[in-house]
Student: 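Have a look at this one before I ask anything.
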2 protein chains.
Amino acid sequence: MENKKNPTLYDVAQKANVSITTVSNVLNNKNEASQKTIDRVNEAIRQLGYSRNESARTLKVGTSKLVGLIVPDNNPFFTQILTGIHEECQNHDWQVVVATSEESEKRQNEVIEMLSARQVSGIILASVTSKLYVPEKLQKVPIVLIDREVENANLPVVKANNVEGSYKATETLIQNGHRRIGIILASPGISTTLQRKEGYIQALKRYGIEVDEKLMFYGGDYTGTKTQINGGYQAVMKMIQLPEPPTAIFATNHLLMIGAVKALKEANLKIPDEISFIGFDDHPWQEITDPPFSIISQPAVEMGRQAIQALQKFKEKNIVTTTVLQLELITRNSYRSIT
Amino acid sequence: MENKKNPTLYDVAQKANVSITTVSNVLNNKNEASQKTIDRVNEAIRQLGYSRNESARTLKVGTSKLVGLIVPDNNPFFTQILTGIHEECQNHDWQVVVATSEESEKRQNEVIEMLSARQVSGIILASVTSKLYVPEKLQKVPIVLIDREVENANLPVVKANNVEGSYKATETLIQNGHRRIGIILASPGISTTLQRKEGYIQALKRYGIEVDEKLMFYGGDYTGTKTQINGGYQAVMKMIQLPEPPTAIFATNHLLMIGAVKALKEANLKIPDEISFIGFDDHPWQEITDPPFSIISQPAVEMGRQAIQALQKFKEKNIVTTTVLQLELITRNSYRSIT
DNA sequence: CTGAAAGCGCTTACAG
DNA sequence: CTGAAAGCGCTTACAG
């Protein structure tokens with residue numbers, strides 16, 4: 001690679017015949033220079049093709065224009081969150097460094113530390129743990145929790161109303177006459193799982209239906225695409241061999257849903273004629289399947305946007321906000337009434 | 001937020017009773033200290049919870065442990081690339097800042113400049129333009145092209161063999177007796193589109209089939225998920241109204257494919273009985289559709305990995321590599337023989 | 001409205 | 001094997 005040195009503030013100052021203080025001032029729109037000076041400086045910047053060394057700025061002011069996003073993996077849901085974060089970050093001239101924790105607490109802590117060592121403006125975290133142990137020395141970097149809550153931290157949260165979303169799905173199935181409803185849940189260690197389970201149970205109780213543990217399945221640990229798809233698959237395979245199998249199934253995330261449908265196909269159980277089905281997370285392909293799937297849809301992009309806004313409030317005014325976004329049931333054609 | 005100051009090299013040096021030079025040396029594994037000193041320093045680091053200020057390091061050495069990834073949008077293909085990049089970056093202790101160009105050349109240049117101002121180790125770029133204009137001042141930051149080539153730059157490239165992949169799909173349809181094969185292409189401005197078109201034409205010529213411009217469609221500009229899905233949709237709608245409609249369709253990316261299938265469903269044309277179909281990019285859901293889709297599969301994760309390796313070779317040895325990965329036809333059940 | 005100077009926290013010749 | 005010192009490129013009181 002070439003190695004011509006970048007022009008610095010000094011070069012600009014020299015060219016514009018001012019001090020570096022002045023150059024810095026116009027660079028930061030401090031409005032402390034005459035228009036004539038400003039013009040002269042800008043012209044020098046243009047001519048030299050100067051751009052500010054961000055590391056030097058960060059070192060001096062103690063915070064970079066970087067925000068960290070830590071997600072368990074790169075699944076489509078988190079990718080949509082990233083899109084929302086990107087949108088919102090443009091307003092702040094922030095850039096985002098994305099890291100995966102791979103569902104490992106150790107890795108998550110490492111990554112938090114690395115980001116902190118970069119003086120990021122903040123971290124948006126979808127935590128792998130339901131308790132967050134943030135070492136004291138990292139308390140300085142503002143963290144906003146996204147999607148998943150943690151118990152022991154007084155941090156801003158942006159999350160979906162999982163209880164209600166799950167309630168809605170379950171209730172809809174009940175209102176269609178289903179009384180044995182199987183639910184496939186993700187890893188029991190995270191808040192979203194607990195809440196989706198809660199909504200399911202609330203709906204059953206509300207309609208006087210006995211909660212049957214045998215109808216509740218966990219799709220195994222949350223570790224990668226294939227594992228989860230397989231988790232959904234196995235859950236259905238077990239479910240349909242029950243003495244009293246369910247007439248409807250609710251899969252509480254996108255990958256579990258794919259696995260579940262796969263199993264139903266193999267078992268040759270037709271949706272919705274022989275079994276009703278509701279999935280999770282909307283994706284374009286769900287419109288083109290046979291049948292098109294009904295799902296609980298999450299406003300993932302909006303969650304990303306809100307997270308950055310929450311971060312900003314946290315940083316600037318030290319306000320800890322909790323943002324709860326609504327989940328929507330999109331009805332297509334994967335469940336039917338059996339009354 | 002709290003504001004307790006972070007411990008610095010000085011604090012560590014003081015605690016360990018050595019100079020900061022020595023601390024820096026053990027931090028960088030320079031192996032210039034006695035074991036006793038090393039232990040003492042490490043103990044001090046542990047006790048203080050010290051972690052190095054990366055901005056200061058970057059300012060001094062001129063390059064950060066950051067690599068930039070610039071993609072047109074956050075679609076699943078690029079997300080898989082990100083996964084590969086993440087995997088490989090862990091070996092180098094690099095982190096990755098992800099930025100989207102939103103298919104805008106202006107934005108792409110801005111982003112390159114911002115990353116450069118951060119002293120990134122390198123940039124992995126899926127360029128929006130087929131010609132890359134990189135201002136002179138940015139020549140210092142090593143760029144590796146991914147997926148999409150550009151004409152006028154002598155940069156490392158990691159790409160798929162699009163010509164061959166497209167040839168394979170087309171040939172397979174021909175061998176199944178199809179002679180009127182519709183192709184749906186993405187934006188004409190990018191190399192992948194040109195190459196996929198080229199493979200299609202080569203296959204037709206090889207089998208003595210006339211190339212009919214009326215069977216070649218562009219899914220509109222490459223601008224966002226909905227636009228592209230709609231592009232695929234429109235293409236099929238026009239195609240099937242042709243006096244001599246195709247008996248097979250090849251959609252050359254994932255979103256175009258979804259739109260195309262949507263249109264075929266609406267038109268009530270059954271795949272594969274009434275029309276044969278091959279799509280692009282493998283995703284788990286494609287196994288659970290009716291029928292399961294045959295597609296050309298891209299090794300996206302591997303592309304990400306290779307890009308980082310290419311970057312490394314470029315930086316360390318100044319070697320400009322071109323890595324071409326093979327595309328695979330995965331046959332499920334979406335085309336049939338009409339001979 | 002403008003400038004001289006200190007200092008952010010590191011790394012790296014250089015000297016011993 | 002270890003340390004004193006310069007300097008990376010900025011920002012920011014402070015003085016005028």
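Order of the sequence lines fixes the chain letters, A, B, ..., with proteins taken first and strands second; residue numbering starts at 1 for each chain.
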Student: Report the C-alpha separation of A/Glu43 and A/Arg46 in whole Å, then their side-chain angles, then the decisive distance to 0.1 Å, and conclude whether the salt bridge (Lys or Arg N to Asp or Glu O under 4.0 Å) test is met.
Tutor: CA-CA 5 Å; A/Glu43 177 57 19; A/Arg46 206 189 53 70; 3.0 Å; yes

Student: Select base, sugar-phosphate, or nothing to describe what B/Ser55 touches, counting heavy atoms under 4.0 Å on all strands.
Tutor: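 No contact.
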
Student: By nearest nucleotide on DNA chain D, pick out whichever of B/Ala56 and B/Ser19 is the more 5' one.
Tutor: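 Taking each residue's closest nucleotide, the earlier one in sequence belongs to B/Ser19.
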
Student: Please say whether more than 12 non-hydrogen atoms of neighbouring residues, nucleotides or ligands are located less than 6.0 Å from CD in A/Gln14.
Tutor: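 Not more than 12 within 6.0 Å, no.
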
Student: For the base of D/dT11, is there a side-chain donor-acceptor partner from A/Thr21 under 3.5 Å away?
Tutor: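 In this structure, the two groups form no donor-acceptor pair.
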
Student: Taking CG from B/Asn53 and C1' from C/dT11, how many angstroms apart are they, rounded to a whole number?
Tutor: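 For the pair B/Asn53 CG and C/dT11 C1', the rounded distance is 13 Å.
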
Student: In terms of side-chain heavy atoms of A/Thr22, which of C/dT12, D/dC10, C/dG3 is nearest?
Tutor: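 Nearest to the side chain of A/Thr22 among the choices is C/dG3.
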
Student: Within the structure, does a side-chain N or O atom of B/Thr37 lie under 4.0 Å from either OP1 or OP2 of D/dT2?
Tutor: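 Yes, within the criterion.
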
Student: Test salt bridge (Lys or Arg N to Asp or Glu O under 4.0 Å) on A/Glu103 and A/Arg148; report intermediate values, then the result.
Tutor: CA-CA 13 Å; A/Glu103 296 288 352; A/Arg148 305 166 174 196; 3.3 Å; yes

Student: How close or far is atom P of C/dC1 from atom CD of A/Gln35, stated in whole angstroms?
Tutor: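 Roughly 10 Å, once rounded to whole Å.
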
Student: Kindly say if A/Asn28 contacts the phosphate of D/dT11, meaning a side-chain N or O under 4.0 Å from OP1 or OP2.
Tutor: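 So the side chain of A/Asn28 is within the cut-off, an N or O lying under 4.0 Å from OP1 or OP2 of D/dT11.
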
Student: To the nearest Å, give me how far apart CG (B/Asn6) and C1' (C/dG9) are.
Tutor: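 Rounding to the nearest Å, CG of B/Asn6 and C1' of C/dG9 are 11 Å apart.
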
Student: Quick one: does B/Lys60 reach the base of C/dG9 with a side-chain donor-acceptor pair under 3.5 Å?
Tutor: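 When only heavy-atom distances are counted, B/Lys60 does not reach the base of C/dG9 through any donor-acceptor pair under 3.5 Å.
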
Student: Kindly say if B/Arg57 contacts the phosphate of D/dC8, meaning a side-chain N or O under 4.0 Å from OP1 or OP2.
Tutor: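 So the side chain of B/Arg57 is outside the cut-off, no N or O lying under 4.0 Å from OP1 or OP2 of D/dC8.
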
Student: Find the distance A/Leu9:CG to C/dA5:P and express it as a whole number of Å.
Tutor: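 The distance from CG of A/Leu9 to P of C/dA5 comes to 17 Å, rounded to the nearest Å.
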
Student: For C/dG3, take OP1 and OP2 only and decide whether either is under 4.0 Å from a side-chain N or O of A/Tyr10.
Tutor: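 No, A/Tyr10 has no side-chain N/O under 4.0 Å of OP1/OP2 on C/dG3.
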
Student: What is the separation between atom CD1 on B/Ile45 and atom C1' on C/dC10, rounded to the nearest whole Å?
Tutor: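 The answer, rounded to whole Å, is 13 Å.
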
Student: Specify the separation, in whole Å, of atom CD of B/Gln119 and atom C1' of D/dG9.
Tutor: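 About 9 Å, once rounded to whole Å.
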
Student: Are a donor atom and an acceptor atom from the side chains of B/Arg305 and B/Asn91 found within less than 3.5 Å of each other?
Tutor: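 There is no such pair between these side chains.
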
Student: Taking atom types as modelled, is there a side-chain donor on A/Thr58 or A/Gln119 under 3.5 Å from an acceptor on the other?
Tutor: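 A/Gln119 and A/Thr58 do not have a side-chain donor-acceptor pair below 3.5 Å.
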
Student: May I ask you to verify if any side-chain N or O of A/Ser24 is less than 4.0 angstrom from the OP1 or OP2 atom of D/dT12?
Tutor: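 The answer is no; no side-chain N or O of A/Ser24 sits under 4.0 Å from OP1 or OP2.
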
Student: Rounded to whole Å, how long is the line connecting atom CD of A/Gln14 with atom C1' of C/dG3?
Tutor: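 So the two atoms are 15 Å apart, to the nearest Å.
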
Student: Looking at D/dG3, C/dG9, C/dA5, which one has an atom nearest to any side-chain atom of A/Ile20?
Tutor: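 In terms of side-chain proximity for A/Ile20, the closest of D/dG3, C/dG9, C/dA5 is C/dA5.
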
Student: 5'-most contact on DNA chain C: A/Asn17 or B/Leu59, nearest heavy atom basis?
Tutor: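 Nearer the 5' end of the strand: A/Asn17.
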
Student: Any base atoms under 4.0 Å from A/Thr8, or only sugar-phosphate, or nothing? Heavy atoms, all strands.
Tutor: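 Contact class for A/Thr8: sugar-phosphate only.
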
Student: Counting Watson-Crick and G-U wobble pairs only, both distances under 3.5 Å, name the nucleotide matched with D/dG3, or none.
Tutor: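 Per the H-bond distance test, C/dC14.
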
Student: Without decimals, in angstroms, what is the distance between B/Asn25 CG and D/dG3 P?
Tutor: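 The distance from CG of B/Asn25 to P of D/dG3 comes to 10 Å, rounded to the nearest Å.
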
Student: For residues B/Glu102 and A/Gln90, is any side-chain donor paired with an opposing acceptor at under 3.5 Å?
Tutor: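 Short answer, yes.
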
